[in-house]
Amino acid sequence: MDPAATRIATTKMSTWKSLSGGNDDKPVTVPRIRGAKGEQPLVMITAYDATFARMLDEAGADILLVGDSLGMVVQGNDDTLSVTVDDMIYHCRAVARGAKRAHVVGDMPFLSYQVTPEEALRNAGRIIAEGHAQSVKLEGGRTVAPVIERMVGAGIPVMAHVGLTPQSVHAMGGFRVQGKSEQDAQRILDDAKAVQDAGAYALVLEGIPGPLADRITEALEIPTIGIGAGVGCDGQVLVCYDLLGLTADLHPKFVKRYDQLFDRGVAAARAYCEEVRARTFPGPEHTFGLTKRPRAVG
Ligand code: KIV
């Protein structure tokens, strides 16, 4: 086998083994995600449309998060606060169409779950029924525990999110690392336990010191998925635009860029601009003729 083919075959094998330990491409479900704790690292990546979903699913991501980060990377806002439930449904539908194996999680936007548990349940239900997400994610600890209980009771699996919670950007005074003092660390640990007790099946830990993430991961029975939370979580999540190098002007410490797609996109589009101006594109090979090509005989 040539080296490229071996590389592809190995990649496929590791994709299939990523949760079950066996060779299968079975859909990733909530019980499989829970069962991964202590067994296999969970891989979550954000996705916002069908093409990216197809690409990231093919790469072997276990979970595709339709994050409200779309308010920043897709819509161009400075924060996530203006994303609506209708926006989420639109993007979840697209991602669900592109995903084959990966579990699709729909983020609950700001104020879609904080007003009343009834409204929260209705909005989560729309993200599942109309957006075709398989579970929802929401930010917060003890204060959202009753909402999580309500959703889980209605059959909606919930991924929770504590630490740096971007929907509280104004209360936090910016996107700042949380849990640095012992008192704040204890608050986040208590929040983590509260959302687990309320029935969350997994927990995102964002923007907290590594040792605190380790402490929470050890204390919980549900998997933790870290972003800017060190090496000890049960899984990791990155925003797809960050990991692919599409967010050219942002360089947070916790992001590793696996490519520079922004720069490569500029170069490719620049080549197109130049060829159109030089009249070297389109060429005859891109041009339709008036007559049909004669059929081969025989
Ligand atoms: O919205 C989002 O993309 C997120 C991840 C960063 C966890 O919540």
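We count ligands from 1, going down the list as the structure has it; atoms in each ligand are counted the same way.
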* Provide the closest heavy-atom pair for Ser168 versus Glu139 in the form atom of the first, atom of the second, distance. =>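 For Ser168 and Glu139, the tightest heavy-atom pair comes out as N-OE1, 4.3 Å.
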* Is it true that His161 lies under 4.0 Å from ligand 1, counting heavy atoms only? ->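 Under 4.0 Å: yes for His161.
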* To do: Tell me, please: is Lys137 in heavy-atom contact with ligand 1, that is, under 4.0 Å?
  => yes
* **Those atoms of ligand 1 less than 4.0 Å from some heavy atom in Gly67** =>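 Heavy-atom distances to Gly67 below 4.0 Å select 1 (O), 2 (C), 3 (O).
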* To do: Would you mind running through ligand 1 and noting each atom that sits below 4.0 Å from a heavy atom of Ile227?
  => 6 (C)
* When only distance counts, is Ser69 in polar contact with ligand 1, meaning an N/O pair under 3.5 Å? ->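 Yes.
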* Asked: Would you say Tyr48 has any N or O atom under 3.5 Å from an N or O of ligand 1, going by distance alone?
  -> no
* **Check: Tyr90 ring centre within less than 6.0 Å of Tyr48 ring centre** =>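 Aromatic pair excluded; centres sit 6.0 Å or further apart.
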* For Leu56 and Leu64, run side-chain contact (heavy atoms from CB on, under 4.5 Å): C-alpha distance rounded to whole Å, both residues' side-chain angles, the deciding distance at 0.1 Å, then the answer. => CA-CA 8 Å; Leu56 301 171; Leu64 296 180; 3.7 Å; yes
Could you tell me whether [X] approaches ligand 1 through its side chain, its backbone, both or neither, with non-hydrogen atoms closer than 4.0 Å?
{"X": "Thr80", "value": "neither"}
{"X": "Leu65", "value": "side chain"}
{"X": "Thr46", "value": "side chain"}

* **Criterion side-chain contact (heavy atoms from CB on, under 4.5 Å) on Leu138 and Val147, from CA distance to verdict** => CA-CA 10 Å; Leu138 51 81; Val147 170; 4.2 Å; yes
* To do: Answer yes when Arg101 and Asp62 have at least one side-chain N-carboxylate O distance shorter than 4.0 Å, and no when they do not.
  =>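 Here Arg101 pairs with Asp62 in a salt bridge, since their nearest N and O are under 4.0 Å apart.
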* Looking only at side chains, do His103 and Thr29 share a donor and an acceptor under 3.5 Å apart? -> no
* Under 30°, 30 to 60°, or over 60°: which ring-plane class applies to His286 and Phe281, parallel, tilted or perpendicular? -> tilted
